[in-house]
Amino acid sequence: MLNRWLPERFSTEMVYRQGRLAPLVYREEFVNHGQHVVREYRFDYESHHLTLWRQADDRAKVKKWQVPLNGPVYDLLSLLYNVRLGVLGPLLGGATLRVSVLSDKPHNMEFRIGPETPLGRKVMLDFRLPESDRVDSYFIYLNPDQVPTLAWTRVTLLGKLAGRLLNPGGIKKALLPEVASFSAPAVLGTR
């Protein structure tokens with residue numbers, strides 16, 4: 001049941017452009033009804049469009065949709081790295097950060113920046129798809145280097161689901177300028 005929609009792997013190819021890490025290709029891999037599915041979001045900045053391609057098992061990739069790309073749109077990984085680079089400005093308690101983020105299709109999300117706590121800077125996201133009335137709340141705690149160290153939400157029937165980064169000291173902020181200095185796209189991912 002938990003494997004149905006939970007991505008098993010995220011990866012992002014990015015390039016440093018105009019002072020930020022811009023995603024070129026964002027991939028999600030997961031299992032859906034026994035099929036291995038890859039969703040690939042392609043950012044074409046020259047033609048100003050974003051395209052979703054989907055592949056199930058060994059079948060050919062199929063273009064699912066294409067939308068205009070009129071400004072910065074972030075996937076989860078490029079958003080986190082750009083926050084760490086300070087591209088979106090300082091995260092001050094009481095502020096609201098509005099960012100266009102991928103969730104099937106791009107749409108604006110609001111991150112409410114909370115107070116500094118013993119667990120880190122608290123950030124809340126009320127997630128709502130544009131055509132839905134359902135709201136899911138997610139809570140994220142960031143350490144002083146803006147690394148997300150703890151995240152949790154409540155899921156109907158399952159209760160509280162949480163994830164914790166076990167070794168936040170292993171993520172070095174000093175490596176980000178090296179990533180940003182690549183002239184070729186950098187590939188960043190997580191499992």
Side-chain angles (χ1 to χ4, degrees), residues 6-30 38-46 48 50-52 67 69-93 95-114 116 119-127 138-153 162-191:
L6 295 178
E8 295 175 352
R9 182 169 189 213
F10 301 99
S11 65
T12 301
E13 296 175 26
M14 296 180 270
V15 65
Y16 190 69
R17 162 186 297 165
Q18 298 173 344
R20 70 181 183 99
L21 287 168
L24 299 174
V25 179
Y26 170 65
R27 289 182 192 86
E28 297 175 333
E29 296 182 41
F30 55 94
V38 177
R39 289 196 304 197
E40 188 173 276
Y41 298 85
R42 299 180 187 171
F43 296 77
D44 186 341
Y45 296 100
E46 292 176 12
H48 303 286
L50 171 63
T51 309
L52 171 64
V67 295
L69 184 59
N70 297 322
V73 175
Y74 299 97
D75 59 80
L76 177 65
L77 294 172
S78 64
L79 175 64
L80 291 173
Y81 279 98
N82 279 295
V83 165
R84 292 189 63 212
L85 286 171
V87 170
L88 304 173
L91 301 180
L92 303 173
T96 299
L97 179 65
R98 288 175 185 83
V99 182
S100 187
V101 178
L102 283 175
S103 173
D104 190 34
K105 290 190 178 177
H107 67 281
N108 289 330
M109 291 182 151
E110 287 188 1
F111 295 85
R112 292 187 190 102
I113 313 304
E116 190 67 39
L119 295 173
R121 169 75 65 196
K122 186 176 184 179
V123 177
M124 184 179 83
L125 165 65
D126 281 336
F127 178 76
Y138 297 89
F139 300 89
I140 304 164
Y141 290 90
L142 304 172
N143 74 8
D145 289 329
Q146 309 305 339
V147 175
T149 56
L150 174 67
W152 65 272
T153 189
R164 179 181 309 275
L165 184 61
L166 296 177
N167 183 15
I171 298 176
K172 307 288 186 210
K173 188 169 186 164
L175 296 177
L176 284 175
E178 290 178 28
V179 171
S181 69
F182 287 128
S183 58
V187 179
L188 302 169
T190 186
R191 261 185 129 43

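- Put simply, NZ on K122 and CG on L142 are 12.5 Å apart, with the number rounded to the nearest 0.5 Å.
- E29 places none of its side-chain heavy atoms less than 4.5 Å from the side chain of F10.
- Inter-residue side-chain proximity for L97 and L91 is flagged as met; some heavy-atom pair is nearer than 4.5 Å.
- Between W152 and Y141 the shortest side-chain heavy-atom distance falls below 4.5 Å.
- Between P23 and Y45 the shortest heavy-atom distance is O-OH, 2.6 Å.
- Salt bridge status for E13 with R27: present, with a side-chain N to carboxylate O gap under 4.0 Å.
- Proximity of V147 to R84: side-chain heavy atoms (C-beta onward) are separated by under 4.5 Å at one or more points.
- Residues V99 and N108 have side chains not in contact (no heavy-atom distance under 4.5 Å, counting atoms from C-beta outward).
- The shortest distance between side-chain heavy atoms of L85 and L21 falls below 4.5 Å.
- Atom CG in L50 sits 5.5 Å away from atom CG in L102 (nearest 0.5 Å).
- Using a distance-only test at 3.5 Å, with no hydrogens or angles considered, no donor-acceptor pair links the side chain of R121 to the main chain of N143.
- Atom CD of E110 is separated from atom CZ of R112 by 5.5 Å, given to the nearest 0.5 angstrom.
- The distance from atom OH of Y74 to atom CZ of R20, rounded to the nearest 0.5 Å, is 4.5 Å.
- Between atom CD1 of residue I113 and atom OG1 of residue T96 there is a gap of 7.5 Å, rounded to the nearest 0.5 Å.
- Taking 4.5 Å as the limit, some side-chain heavy atom of E28 sits within range of a side-chain heavy atom of Y41.
- Defined by atom type and a distance below 3.5 Å, a donor-acceptor pair is present between the side-chain atoms of T12 and D75.
- Taking the charged nitrogens against the carboxylate oxygens, E40 and R42 do have a contact shorter than 4.0 Å, which makes a salt bridge.
- Residue L125 holds its CG atom at 9.0 Å from OG1 of T153, rounded to the nearest 0.5 Å.
- In plain terms, the two heavy atoms of F43 and V73 that are nearest each other are CE2-O, 3.7 Å.
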Report the C-alpha distance between M14 and Y26 in whole Å, list the side-chain angles of each, state the deciding distance to 0.1 Å, and finish with yes or no for side chain to side chain contact (heavy atoms under 4.5 Å, CB included). CA-CA 9 Å; M14 296 180 270; Y26 170 65; over 6 Å; no
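- Side chains of L119 and T149 form no contact here, defined as non-hydrogen atoms less than 4.5 Å apart.
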Start with the C-alpha distance between V83 and V87, add both sets of side-chain angles, then the distance that settles side chain to side chain contact (heavy atoms under 4.5 Å, CB included), and finish with yes or no. CA-CA 6 Å; V83 165; V87 170; over 6 Å; no
